[in-house]
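Per chain, numbering begins at 1; letters A, B, ... match sequence-line order.
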Protein chains: 2
Amino acid sequence: MKTNISGFPEYLPSEQLAFNTIIHTISGIYQNYGYVPLETAAVERIDTLTSKGIDSKEVYALRRLNAQGDDGDKDIALRFDLTVPMARYVAQNFADLSFPFRRYQCQPVWRGERAQKGRYRQFHQFDLDVVGDGTLPIVADAEVIAAAHDALVAIMPEGTPFTMRVNNRKLLTGLVQGAGYEEGEQTYAAIKVIDDLEKIRDEDARERLTAINPQANVQKLIDQTRTTNLSDLTGLNDLAQQGLNELKEVLTTLDNLTGGTSNIVADLAIARGLDYYTGTVVETKLHTAPELGSICSGGRYDNLAASLSDRNLPGVGLSIGVSRLAAWLMDQPPYNTMPATPASIIVIGAAAPALCQQIRKAGLACELGLGDKSAGQHFMAADKRGIKYGIVADTPEKATIRTFSTRQQAEVEASGVVPYLQTLLG
Amino acid sequence: MKTNISGFPEYLPSEQLAFNTIIHTISGIYQNYGYVPLETAAVERIDTLTSKGIDSKEVYALRRLNAQGDDGDKDIALRFDLTVPMARYVAQNFADLSFPFRRYQCQPVWRGERAQKGRYRQFHQFDLDVVGDGTLPIVADAEVIAAAHDALVAIMPEGTPFTMRVNNRKLLTGLVQGAGYEEGEQTYAAIKVIDDLEKIRDEDARERLTAINPQANVQKLIDQTRTTNLSDLTGLNDLAQQGLNELKEVLTTLDNLTGGTSNIVADLAIARGLDYYTGTVVETKLHTAPELGSICSGGRYDNLAASLSDRNLPGVGLSIGVSRLAAWLMDQPPYNTMPATPASIIVIGAAAPALCQQIRKAGLACELGLGDKSAGQHFMAADKRGIKYGIVADTPEKATIRTFSTRQQAEVEASGVVPYLQTLLG
């Protein structure tokens, strides 16, 4: 990866082909689940963007260069995520969409962060959401997780272990309040500690939880949020019970939608941010690359577009941090050996243009050799870029086909070239 | 198409699916020609952008919202075309690329124009270029035209007549100077009149050409640039002869690369802009939609990146104005009847999630019916969105499959659902 302007990386050809393969694979899975690919304009109104309480210093506003006075474009800025544009799009196009509305969206987002290693100012997110009109069944929560699960399996090197951890914010909040924490500040503070359980020592967690409310049943709360057997949870308050029922329905539906997988587990400690999600939450880690953090996270939100629409638009969705993930994948097979060209065949010689036309007509990608070089020079350079077969066509009647990997060579009648290549390429 | 912010249109689901089909088709053809898909960052340095002499008022510069003082991002702006970023990318990554370097690029560009009907501030261009290191054979000129030709045939409704008109700037310049116009201003002015020949009356052309140089052989020039038979051109000066030889080579190679087509003709009057192209030029018009202007234009440039690199990087390329073209195509078959979802199957009932999994595993796109609606309600809404088949799966053993178009219904064993659907879908 090369960088022209700090924070705005660009791919070299083989990297771009690897990235496109990843995007194409995820898109295929999401379309198989019936999700529409959607793209929104790069810009939003600044008041739409900043209504979400993000750091406005990270927002890139636009201004026309050398424009005089009020140029009419002074209130627009680049999007910093795909959720705000989706909410605005759904609210705005409500009458033309049908609900539940399923869409996926893979586009760049921009954040004016201080440049530092691993921090991009432009990067791609790959979002998947389903939005209901008024209501949205819990089955939808399972669906987005199943689709992302299938997508991750499809893009990972075979056998890469990863775990999607699923929780329900009603369950977690209910457990916290059942342990004695008051609604509001106390509950938020306790959830924050539970969410940190994985990273901190138990005694530190106990200390922080006790400091929030000395009367709380701290050990019970820690034990409950560590339960892996959901039937151990009994005597719950209404909120926790509702959350548990939802979580169970999500897990059962996930079993059906995925055909059963050990990659998805319940984890009652995860929270995923404090004030956004209201039910199901999910995060995903690669066992062999925990440093990437969560590669796919999301959850259920009660109302997507409260500030943009009078309608109640509940939704559930998740996002794959595909730029970061792709950077890791590019060091793994098969992405680490991607060719630098989509062609697997190069043709040289006086009759090459007409033969290229025949080969392309058959749907095979082939490159026309350009420039005054010998066959050996052409083929060596082509081999280096990942091209597999070289053809010399000096006359329209005959061609010589060389397989670079084996150095084998065959002379073939013109009419036999395409069938011969089809056999070679399987 | 809906517009959130004036000049930044967005697609509805069926339009997005149509647009994606168009992009996917063009990409497939370009990859078959061995071109690498490339994407560059949305931003460039302002001095890189403005070195090309464009109207800087149309450039959207970025500034971080509420950033204090020098935020380090004050010298970057959104790209306004794909040629400048490509030139910069090639110059910058020279050592990591192999030449001739072939790439295609389909990304949005931004121009801060005054809002008016049909003028977008964000739109997609679909560019195709090949760049040489030091030299680039004329065959490359034919290749980009052939690839674009094949792409246009592939995306057009069958039988849509279009013409790609090819010329050579050396030939045109040589003819103009052969008629008596001096190098420099006189030549440019005369070329501009010839380029307008199609739009103006002959007597106006003659008058303008005579005004530029009263001694010039105006009628001979008009006759020569209207010649459709290239062998009629005799007694040419060196520059014109060189251009004619190049043009003939381009046309012969095009015949071989396309297998012969009446969509490509020589037109000795076209110029495509005054100071950019140096050899081959091409423009393309739809017979039934001349109001679109040229839908695909380009040509040869002697040095791509003179201000960015010490190397001589000759190139040839062209660009499809794909946003404008897609807007027209969406009113034509098959794009005017695109479904609003990628799924062709909807499944409802208690056993639906598990059955969906089976169907998707077979590579068929299907939607899980969500929400408390009757089969009739589900299916009517699905039919409207372009879904073709509805399945009721109340138990894991059996399913009922309905074909919306014929209202036929069949009861099928669970294990037989996928084969049954595969037969229906062909």
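Proximity to chain A is limited to the side chain of B:L97, based on heavy atoms less than 4.5 angstrom apart. Looking at A:E143, only its side chain comes within 4.5 Å of chain B, counting heavy atoms on both sides. Both the backbone and the side chain of B:Q31 come within contact range of chain A, each with at least one heavy atom under 4.5 Å from a heavy atom of that chain. Heavy atoms of A:R385 lying under 4.5 Å from chain B belong exclusively to its side chain. For B:F99, the part lying under 4.5 angstrom from a heavy atom of chain A is the backbone only. The part of B:R102 that comes within reach of chain A is its side chain, from C-beta onward, which places non-hydrogen atoms under 4.5 angstrom from that chain. Neither the backbone nor the side chain of B:I346 comes within contact range of chain A, judged by heavy atoms closer than 4.5 Å. Contact of A:T258 with chain B is made through the backbone alone, with heavy-atom distances under 4.5 Å. Only the side chain of A:F101 comes within contact range of chain B, judged by heavy atoms closer than 4.5 Å. Using a 4.5 Å cut-off between heavy atoms, A:I29 makes no contact with chain B at all. Looking at B:A140, the atoms closer than 4.5 Å to chain A (heavy atoms on both sides) sit in the backbone and in the side chain alike.
Considering every non-hydrogen atom in both B:G112 and A:R64, the closest pair reads O-NH1, 2.6 Å. Taking every heavy atom of both residues into account, B:A343 and A:G34 meet most closely at CB-CA, 3.9 Å. Minimum interatomic distance between B:L370 and A:P100 (heavy atoms only, all atoms of both residues): CB-CG, 3.8 Å. Residues A:E10 and B:Y89 share a closest heavy-atom pair of OE1-CD1, 3.6 Å. Contact detail for A:P137 and B:G371: the closest heavy-atom pair is CG-N, 3.6 Å.
The side-chain hydrogen bond (donor to acceptor under 3.5 Å, both in side chains) pairs that include a residue from residues 342-363 of chain B number zero, where partners must be two or more places apart or lie in different chains.
Taking CD1 of A:I359 as the start and CG of B:N32 as the end, the distance is 10.5 Å to the nearest 0.5 Å. Atom CD1 of residue A:I76 and atom CD1 of residue B:I5 lie 5.5 Å apart, to the nearest 0.5 angstrom. Note that CG of A:L257 and CG of B:L368 are 6.5 Å apart. Values are rounded to the nearest 0.5 Å. Here CG of B:N93 is found 14.0 Å from OH of A:Y11. Values are rounded to the nearest 0.5 Å.
Of the residues considered (B:G28, B:P353, B:A351), B:P353 shows the highest number of contacts with chain A, using heavy-atom pairs under 4.5 Å. Of the listed residues A:L364, A:N20, A:L355, the one with more heavy-atom pairs under 4.5 angstrom with chain B than any other is A:L364. If you tally non-hydrogen atom pairs under 4.5 Å between each of A:R45, A:E367, A:R88 and chain B, the highest count goes to A:R88.
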(message) Show, in sequence, the C-alpha distance, side-chain angles and deciding distance for A:T341 and B:Y35, and conclude whether the side-chain contact (heavy atoms from CB on, under 4.5 Å) test is met.
(response) CA-CA 7 Å; A:T341 163; B:Y35 285 69; over 6 Å; no
(request) Walk me through it: do B:L65 and A:I46 pass the test side-chain contact (heavy atoms from CB on, under 4.5 Å)? (result) CA-CA 9 Å; B:L65 208 58; A:I46 288 174; 3.7 Å; yes
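Using the six-membered ring where Trp is involved, B:W110 and A:W110 have ring planes that are perpendicular, over 60° apart on the 30 and 60° scheme.
At a heavy-atom cut-off of under 4.5 Å, chain B is reached by A:V36, A:P37, A:L38, A:E39, A:T40, A:A41, A:A42, A:V43, A:E44 from residues 36-44 of chain A, listed in order of number.
Counted within 6.0 Å of NZ on B:K373, heavy atoms from surrounding residues, nucleotides or ligands total more than 12; the atom is thus considered enclosed.
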